Protein chains: 2
Amino acid sequence: MGATKTEHFTDKQNAIATLAKALGHPARIAIIEYLLKVDTCICGDIVNELPLAQPTVSQHLKELKNAGLIKGEIEGNSICYCIDEKAFQKLQAYFTNISTKAENKKSNCC
Amino acid sequence: MGATKTEHFTDKQNAIATLAKALGHPARIAIIEYLLKVDTCICGDIVNELPLAQPTVSQHLKELKNAGLIKGEIEGNSICYCIDEKAFQKLQAYFTNISTKAENKKSNCC
DNA sequence: AATCTTTATCGTAATATTGCAATATTAAAC
DNA sequence: GTTTAATATTGCAATATTACGATAAAGATT
């Protein structure tokens, strides 16, 4: 064993877990924050910003892209990566909902 | 190699990544959603709610607790687990901030 | 076309995660 | 005190993740 049993959970649960998992690494959080910081999304220097080797960064970018957190297109001999708002809006909505519900049931809880 | 290089990132980045990582599994999302659903937080039947063996569920609960997403106290021969609002408020604030910033720079981006 | 620059992929080693059977623990119930 | 019930821990196998050197790919520069 060792493989996640995704088939036993709902699509929505798997979708949120996939997004969360992709953000479950500080390098990928750092990448997202860098993409937000720079003005344009022609970001040819992500590698120089991170304390990781180029193949490692490339791999992290691929994971973020697979999860739908960033979009990327080839642009000459560099790459245009940028944040995919929709995914973050989904996360925002999800956690807002949880926070609200948690707040409401505070009373009859520990 | 293989271990995450946490020491190279900021505390805040690591903190968010830790929370996200803990939610990066559908079983743990399902646990959170179940804890929200039940009225009180005396939740002795989480195992019956999930398609996983008891030790596996126990392990997932432990991870959620370590990450600070749930609180738990022994209560007789069952356990009182419940959501730790603060962690979810942190996540809500983080993703709201990202969404807002992403929205603002939409224009000069792909 | 040879070279440079940038990003991706492959291969692989180190480590972490997932899942469960077996067992331990602990407190209630009898 | 013995049984029952609920949760935790241990140990281990299967799988996934992380990281990087080596190499490939592909457009830009000369």
Side-chain angles (χ1 to χ4, degrees), chain A residues 1-9 13-14 17-31 34-35 38 41-67 70-82 110, chain B residues 1-9 13-14 17-31 34-35 38 41-67 70-82 110:
Chain A
M1 319 283 144
T4 298
K5 291 187 156 183
T6 52
E7 69 277 15
H8 291 144
F9 302 98
Q13 286 169 341
N14 281 312
T18 299
L19 292 177
K21 190 177 187 179
L23 292 172
H25 192 292
R28 295 196 286 268
I29 293 289
I31 288 172
Y34 180 66
L35 284 177
V38 294
C41 56
I42 295 134
C43 336
D45 52 350
I46 296 180
V47 173
N48 298 322
E49 279 289 315
L50 294 175
L52 294 169
Q54 180 267 322
T56 308
V57 174
S58 185
Q59 196 175 278
H60 283 308
L61 286 166
K62 193 179 173 186
E63 276 176 69
L64 286 170
K65 198 178 174 185
N66 283 343
I70 62 176
K71 295 177 285 190
E73 277 166 54
I74 293 169
E75 186 123 336
N77 69 345
S78 76
I79 268 274
C80 168
Y81 273 125
C82 58
C110 33
Chain B
M1 323 277 143
T4 297
K5 292 185 156 184
T6 52
E7 70 275 15
H8 291 144
F9 302 97
Q13 286 169 342
N14 281 312
T18 299
L19 291 177
K21 190 176 186 179
L23 292 172
H25 192 292
R28 295 196 287 267
I29 293 289
I31 289 172
Y34 179 67
L35 285 177
V38 294
C41 56
I42 295 133
C43 338
D45 52 351
I46 295 180
V47 173
N48 298 323
E49 279 288 315
L50 294 176
L52 294 169
Q54 181 267 324
T56 309
V57 174
S58 185
Q59 195 177 278
H60 282 309
L61 286 166
K62 194 179 173 187
E63 276 176 69
L64 286 170
K65 198 177 174 187
N66 283 343
I70 63 177
K71 294 177 285 191
E73 277 165 54
I74 293 169
E75 186 123 336
N77 69 345
S78 75
I79 268 274
C80 167
Y81 273 125
C82 59
C110 33

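Here is how names work: the chains are called A, B, and so on, in the same order as the sequence lines, proteins then strands, and each is numbered from 1. Predicted model only: the values in this text are computed from it and were never measured.
- Separating the CG atom of A:N48 from the C1' atom of C:dT7 is a distance of 13 Å, rounded to the nearest angstrom.
- Side chains of B:L23 and A:L19 form no contact here, defined as non-hydrogen atoms less than 4.5 Å apart.
- Listed here is the closest heavy atom pair of A:G72 and A:Y81: CA-CD2, 3.4 Å.
- Smallest separation of non-hydrogen atoms from B:P26 and A:A17: N-CB, 3.5 Å.
- Closest to the side chain of A:L52, out of D:dA8, D:dC20, C:dC20, is D:dC20.
- Annotation: of the two residues near DNA chain D, A:P55 and A:H60, the 5′-most nearest-nucleotide partner is A:H60.
- At the phosphate of D:dT17, neither OP1 nor OP2 sits under 4.0 Å from any side-chain N or O atom of B:K21.
- Evaluation of atom-type donor-acceptor distances gives no pair under 3.5 Å for the side chain of B:Q54 against the base of D:dA6.
- Between the NE2 atom of B:H25 and the P atom of D:dA16 there is a distance of 11 Å, rounded to whole Å.
- The phosphate of D:dA6 has neither OP1 nor OP2 within less than 4.0 Å of any side-chain N or O from B:Y81.
- Between A:K62 atom NZ and C:dT7 atom C1' the separation is 12 Å, expressed in whole Å.
- The distance from atom NE2 of B:H8 to atom C1' of D:dA19 is 12 Å, rounded to the nearest whole Å.
- Rounded to an integer number of Å, the gap from CZ of A:F9 to P of C:dT18 is 11 Å.
- Contact record, A:I29 with B:Q13: CG2-CG, 3.9 Å, taken as the closest heavy-atom pair.
- Atom CG in A:L50 sits roughly 14 Å away from atom P in D:dT18 (whole-Å rounding).
- Within 3.5 Å, no donor on the side chain of A:Q59 pairs with an acceptor on the base of C:dA8, nor the reverse.
- Rounded to an integer number of Å, the gap from CD of B:E63 to P of C:dG19 is 10 Å.
- OP1 or OP2 of C:dC20 has at least one side-chain nitrogen or oxygen of B:T56 nearer than 4.0 Å.
- Rounded to whole Å, atom P of C:dT18 lies 12 Å from atom CD1 of B:I29.
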For residues 51-62 of chain B, dump all side-chain donor-acceptor pairs below 3.5 Å to protein atoms at least two apart in sequence or in another chain.
| unit_1 | atom_1 | unit_2 | atom_2 | d |
| --- | --- | --- | --- | --- |
| B:H60 | ND1 | B:R28 | NH1 | 2.9 |

